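Everything below concerns the one structure shown next.
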Amino acid sequence: MSHWTVLDFILICLRWALPIMVTLHALRHKRNTSACAAWIGVCWIGPFLGTALYLMFGINRVHRRARKMIDHHSWEGRELLAKYRQVMEGDLAPLAKMLGRLTERPLMRGNSVKVLHDGDNAYPIMIEAIRHAKTSVILCSYIFRADRIGEQFAEVLVDAHKRGVEVRVLVDGIGSGYFRCAIERRLRRDGVKCSRFMHSVWPWRMPFINLRNHRKILVVDGQVGFMGGLNIGEENMLRLRTKLPVADTHFELRGPVVHQLSVAFAWDWSFTTGEELKGEPYLPEPLPVGDIPMRIVTSGPDADLEKIEYGMLQAITLAKKHVRLMTPYFLPDDRFSSALNLAALRGVVIDIVVPKSSNHAIIDFARDANLRPFLDAGCRVWMADPPFNHSKLMVVDDEWSFVGSTNLDVRSLRLNFEINLEVYDRDVARDLSAFMDTHRKNRLTHHDIDRTPYVIQIRNAALRLFLPYL
């Protein structure tokens with residue numbers, strides 16, 4: 001048998017073996033039937049290229065890695081939270097019960113929350129908190145720029161480190177710079193422990209390019225926490241009048257719920273670096289400050305798959321009067337769209353506030369092609385004027401609020417690591433509803449869609465086909 005004959009035999013074997021192996025793996029592990037069928041089809045059509053793509057993008061290694069962490073890591077502090085557990089009653093009791101089972105986190109009483117709009121209001125308070133840190137500072141941000149604002153944060157972080165405070169900073173491996181992360185170099189140079197979430201330049205690590213840490217977390221001394229949609233960069237300071245200003249909403253938290261916020265960061269830090277953050281500096285005895293029941297809800301392509309979306313779907317299902325949504329990017333999947341439209345059809349008032357123009361034109365084009373079904377069902381869609389608002393807010397019946405880092409698109413709900421906060425408080429809900437109402441000036445109508453030029457409609461419809469990837 002010649003050399004070429006042996007090679008031909010090997011290629012023929014691989015031609016059949018590779019798609020068979022992919023088929024068996026996809027049938028076993030792919031929950032989404034469309035994705036499963038698509039991967040199987042691609043691998044049978046092009047066995048070598050299809051298998052390579054499946055190995056790179058089709059296998060959720062993050063989920064497998066997270067499961068190993070669950071088996072080998074146990075976060076301390078659960079017993080500290082037991083006395084703050086809150087049991088809800090009334091119309092929202094099923095929602096609280098469901099999210100408790102889903103997240104395995106208790107609803108916590110004894111909390112307070114302060115709404116901070118834009119970097120103009122949030123940054124000074126956050127920087128001042130770091131400046132007065134005594135034991136620990138943990139910070140996670142999708143974007144952490146090395147600009148004027150980033151340098152202010154870097155200075156107080158370095159100062160805290162120099163006076164003996166335990167400082168840990170986690171930035172996303174793509175959002176804060178893929179090839180060069182200036183803020184990481186700046187902090188590391190001065191001794192601050194800073195790491196990049198799932199970052200690698202090696203081709204076999206490329207499946208992680210779609211799985212980003214979109215969470216924004218800051219906790220100081222384990223007692224005061226900040227979370228929401230605000231990244232760290234000068235574009236978030238509206239008074240600086242940058243070229244593309246970004247408005248946003250952030251939240252200052254105090255009380256036992258801050259412990260859950262710290263644990264969420266500790267999980268991400270251990271996932272990235274292998275270091276476990278335990279003990280008094282990071283997870284001290286919670287102190288009650290207020291009387292608002294709250295809970296942290298995380299989601300991602302790991303052990304928390306789709307938990308934020310499930311919470312939102314349950315809230316929409318239980319809504320009786322009103323659902324208000326504000327999001328920078330609105331490209332929900334069929335499941336989420338159906339829940340909203342069915343709620344509107346049964347008489348619930350649905351208000352969806354989106355920016356007239358976001359910072360990603362392609363997403364705007366795809367979104368515009370996807371809005372007619374919502375208008376048909378009776379949802380009210382509002383196009384907010386500039387500056388581009390990056391807030392992610394949801395309020396149901398002016399009683400329950402759900403806020404944080406999660407956009408209403410498939411990438412955010414399925415692929416990114418996100419963090420949200422549920423708040424059972426009428427005053428908070430009404431304040432957020434009033435804030436969203438200030439952006440309800442331009443209501444989208446069927447006439448607005450119909451008068452869009454035909455060429456633009458075709459462009460938008462074509463981009464909508466890429467909805468899962470935008």
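Computed over heavy atoms, backbone and side chain alike; hydrogens, waters and symmetry mates excluded. Note that the structure is predicted; figures quoted are calculated from it, not measured.
- Within a 6.0 Å radius of CG in Asp376, more than 12 heavy atoms belonging to other residues, nucleotides or ligands are found.
- Ion pair Asp397/Lys320 not flagged as a salt bridge, since none of the NZ, NE, NH1 or NH2 atoms sits closer than 4.0 Å to an Asp/Glu carboxylate oxygen.
- Side-chain contact between Glu235 and Ile149 is absent, with no heavy atoms from C-beta onward closer than 4.5 Å.
- Side-chain contact annotation: Asn231 with Asn236, donor-acceptor N/O pair under 3.5 Å absent.
- Using cut-offs of 30° and 60° on the angle between ring planes, the pair His390 and Tyr329 is perpendicular.
- Enclosure of atom CZ in Arg28 is not indicated, since only 12 or fewer non-hydrogen atoms of other residues, nucleotides or ligands lie within 6.0 angstrom.
- Salt-bridge formation is detected for the pair Arg335/Glu306: a Lys NZ or Arg NE/NH1/NH2 atom is positioned less than 4.0 Å from an Asp or Glu carboxylate oxygen.
- A perpendicular orientation is assigned to the rings of Phe197 and Phe417, their planes being inclined by more than 60° (bins at 30° and 60°).
- For the pair Arg367 and Pro355, the minimum side-chain heavy-atom distance is below 4.5 Å.
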> Could you walk me through whether Glu418 and Ser299 pass the side-chain hydrogen bond (donor to acceptor under 3.5 Å, both in side chains) check?
Replying inline: CA-CA 5 Å; Glu418 305 282 2; Ser299 71; over 6 Å; no
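- The shortest distance between side-chain heavy atoms of Leu331 and Val410 does not fall below 4.5 Å.
- Using a 4.5 Å cut-off on side-chain heavy atoms (C-beta onward), Arg324 and Asp437 make contact.
- When each of Leu99, Thr317, Leu318 is checked for a side-chain contact (heavy atoms from CB on, under 4.5 Å) with Pro94, only Leu318 meets the rule.
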> Taking it one step at a time, do Lys356 and Asp385 satisfy salt bridge (Lys or Arg N to Asp or Glu O under 4.0 Å)?
Replying inline: CA-CA 6 Å; Lys356 186 179 297 183; Asp385 291 328; 3.1 Å; yes
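- None of Val395, Val349, Ile350 except one satisfies the side-chain contact (heavy atoms from CB on, under 4.5 Å) rule with Val323; the exception is Ile350.
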>> Applying side-chain hydrogen bond (donor to acceptor under 3.5 Å, both in side chains) to His25 and Tyr54, what does each step give before you reach the verdict?
In response: CA-CA 10 Å; His25 189 277; Tyr54 184 77; 2.7 Å; yes
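- Between Asp448 and Thr445, the side chains place a donor N or O and an acceptor N or O closer than 3.5 Å (distance only, hydrogens not considered).
- With respect to Asp351 and Arg440, a salt bridge is recorded, a charged nitrogen being found less than 4.0 Å from a carboxylate O.
- Taking the charged nitrogens against the carboxylate oxygens, Glu422 and Lys307 have no contact shorter than 4.0 Å, which rules out a salt bridge.
- Side-chain contact, Asp221 with Thr135: a donor N or O sits under 3.5 Å from an acceptor N or O.
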